[in-house]
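Here is the structure we will look at.
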Amino acid sequence: VTQTYGKTAKLVVTVSPDATGKAKVKMGSKTVTGTLSDGKATLTLPKKALKPGTRTVTITYAGVADTFQPATAKATVKVAKAKPSAKVKRVKTTVKRGWTATFQVTVSASGVQPGGKVTVKVAGKTKTVKLNSKGKATVRIKLSRSTKPGKKTVSVSYGGSTYVAKGKKSTTLKVVR
């Protein structure tokens with residue numbers, strides 16, 4: 001089973017074709033229960049029950065007295081980090097060389113708030129800033145007086161976190177005399 005952190009995933013438990021009763025999946029301190037139908041139960045793994053990485057969950061079937069024996073099994077769940085989405089807003093689209101360019105960066109991910117840092121590179125200058133609790137950062141970079149006028153690429157890199165993968169975004173900035 002594959003799951004992305006911050007999103008639910010389905011785990012299908014199959015017992016004997018005619019089995020009835022309930023199946024449980026234990027993930028650390030959380031347990032999810034489902035009712036068997038035709039020997040199968042589809043259980044929904046919670047969004048944040050398992051941290052990113054390869055995790056083992058325990059599946060138990062209590063059985064039915066005099067009909068079906070109880071059973072326990074292990075399953076592997078591969079949990080991927082949440083995929084980030086970055087937005088970069090230039091406060092001004094044109095900046096004079098020697099002046100400061102300001103960028104508002106927002107990083108988001110489905111089901112989880114990204115933490116960590118963003119790095120902005122433009123015209124040979126680099127600045128790294130920590131995201132606030134809402135996944136936002138304002139980055140100010142003073143351009144060199146010797147920066148050649150013209151269109152410059154602005155590269156924004158998100159360094160990732162425990163739960164969110166790394167990401168990149170780019171935009172342009174016009175530098176004038």
Side-chain angles (χ1 to χ4, degrees), residues 1-12 25-32 34 42-57 75-177:
V1 174
T2 302
Q3 179 177 20
T4 299
Y5 188 81
K7 294 184 177 182
T8 60
K10 301 287 185 195
L11 175 68
V12 178
V25 175
K26 185 166 174 59
M27 303 150 286
S29 63
K30 296 196 185 256
T31 301
V32 177
T42 301
L43 306 174
T44 301
L45 303 180
K47 296 178 181 183
K48 299 178 183 177
L50 299 169
K51 291 182 180 180
T54 301
R55 306 291 175 213
T56 301
V57 297
T76 300
V77 180
K78 292 182 181 180
V79 184
K81 289 184 177 188
K83 185 178 178 183
S85 173
K87 292 182 184 175
V88 183
K89 181 180 174 194
R90 300 161 299 199
V91 173
K92 291 184 179 180
T93 57
T94 302
V95 176
K96 290 184 180 182
R97 59 187 185 173
W99 288 37
T100 300
T102 303
F103 306 94
Q104 294 172 335
V105 180
T106 304
V107 179
S108 60
S110 179
V112 60
Q113 186 60 57
K117 298 177 181 180
V118 290
T119 301
V120 177
K121 294 179 184 181
V122 61
K125 299 282 185 170
T126 302
K127 182 134 186 205
T128 300
V129 176
K130 187 176 181 181
L131 293 171
N132 67 16
S133 62
K134 295 180 180 176
K136 297 182 178 192
T138 299
V139 183
R140 293 176 181 84
I141 297 179
K142 184 169 171 80
L143 301 178
S144 171
R145 289 188 184 275
S146 62
T147 301
K148 292 183 181 178
K151 191 174 177 182
K152 305 295 177 192
T153 298
V154 180
S155 299
V156 179
S157 300
Y158 169 62
S161 70
T162 303
Y163 304 109
V164 183
K166 295 178 182 182
K168 292 183 179 184
K169 183 80 175 178
S170 66
T171 187
T172 57
L173 178 72
K174 185 175 180 185
V175 178
V176 295
R177 291 185 185 264

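Scope of the values below: all heavy atoms of this structure, side chains included, with no hydrogens, waters or symmetry mates.
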Checklist entry - Can you find a pair of side-chain heavy atoms, one from Val120 and one from Ile141, that are under 4.5 Å apart? => result yes
Checklist outcome for this item: Value for CD (Gln3) from CE (Met27), rounded to nearest 0.5 Å, stands at 8.5 Å
Next on the checklist: Holding to side chain to side chain contact (heavy atoms under 4.5 Å, CB included), I want the full list of residues that pass it with Arg145, two or more places apart in sequence or in another chain.
Outcome noted: none
Checklist entry - Under 4.5 Å between any side-chain heavy atoms of Thr8 and Pro46, yes or no? => result no
Checklist entry - How about Lys96: does its NZ atom have over 12 heavy atoms from other parts shown lying under 6.0 Å from it? => result no
Checklist entry - Do Val118 and Val107 have side chains that get closer than 4.5 Å, going by heavy atoms? => result yes
Checklist outcome for this item: With Val25 as partner, the option from Val1, Val77, Val57 fulfilling side chain to side chain contact (heavy atoms under 4.5 Å, CB included) is Val57
Next on the checklist: Is any side-chain heavy atom of Tyr5 closer than 4.5 Å to one of Val164?
Outcome noted: no
Checklist outcome for this item: On a heavy-atom basis, the closest approach of Pro114 and Leu131 is O-CD1, 4.3 Å
Next on the checklist: By the side chain to side chain donor-acceptor pair (under 3.5 Å) test, which pairs, at least two apart or in different chains, include something from residues 112-141?
Outcome noted: Thr119-Thr128
Next on the checklist: Given 3.5 Å as the limit, does a donor-acceptor pair link the side chain of Lys48 with the main chain of Gly111, or not?
Outcome noted: yes
Next on the checklist: Using a 3.5 Å distance criterion without hydrogens, assess whether the side chain of Lys142 forms a donor-acceptor pair with backbone atoms of Gly98.
Outcome noted: yes
Item to check | Side-chain touch Val175/Lys148, heavy atoms, less than 4.5 angstrom | outcome: no
Item to check | Which atom of Lys30 lies closest to which atom of Ala49, heavy atoms considered | outcome: CD-CB, 3.8 Å
Checklist entry - Is a side-chain donor or acceptor of Tyr158 paired with a backbone partner of Ser85 at a separation under 3.5 angstrom? => result no
Checklist entry - Would a 4.5 Å heavy-atom cut-off, applied to side chains only, mark Lys83 and Ser110 as touching? => result no
Item to check | Side-chain heavy atoms of Thr42 within contact of Val12, under 4.5 Å | outcome: yes
Checklist entry - Would Phe103 and Val154 satisfy side chain to side chain contact (heavy atoms under 4.5 Å, CB included), going step by step from the backbone distance to the final call? => result CA-CA 10 Å; Phe103 306 94; Val154 180; 3.9 Å; yes
Checklist entry - In Å, rounded to the nearest 0.5 Å, how long is the span from CH2 of Trp99 to NZ of Lys92? => result 6.5 Å
Checklist entry - Going by the side chain to side chain donor-acceptor pair (under 3.5 Å) test, which pairs reach into residues 159-175, not counting sequence neighbours? => result none
Item to check | Which atom of Pro84 lies closest to which atom of Ala165, heavy atoms considered | outcome: CG-O, 3.2 Å
Item to check | Closest approach of Ala109 to Ala82 (non-hydrogen atoms, all atoms of both residues) | outcome: CB-CB, 4.0 Å
Checklist entry - Is any side-chain heavy atom of Leu143 closer than 4.5 Å to a side-chain heavy atom of Val122? => result yes
Item to check | Smallest separation among heavy atoms of Thr93 and Leu173, with atom names | outcome: O-CD1, 3.6 Å
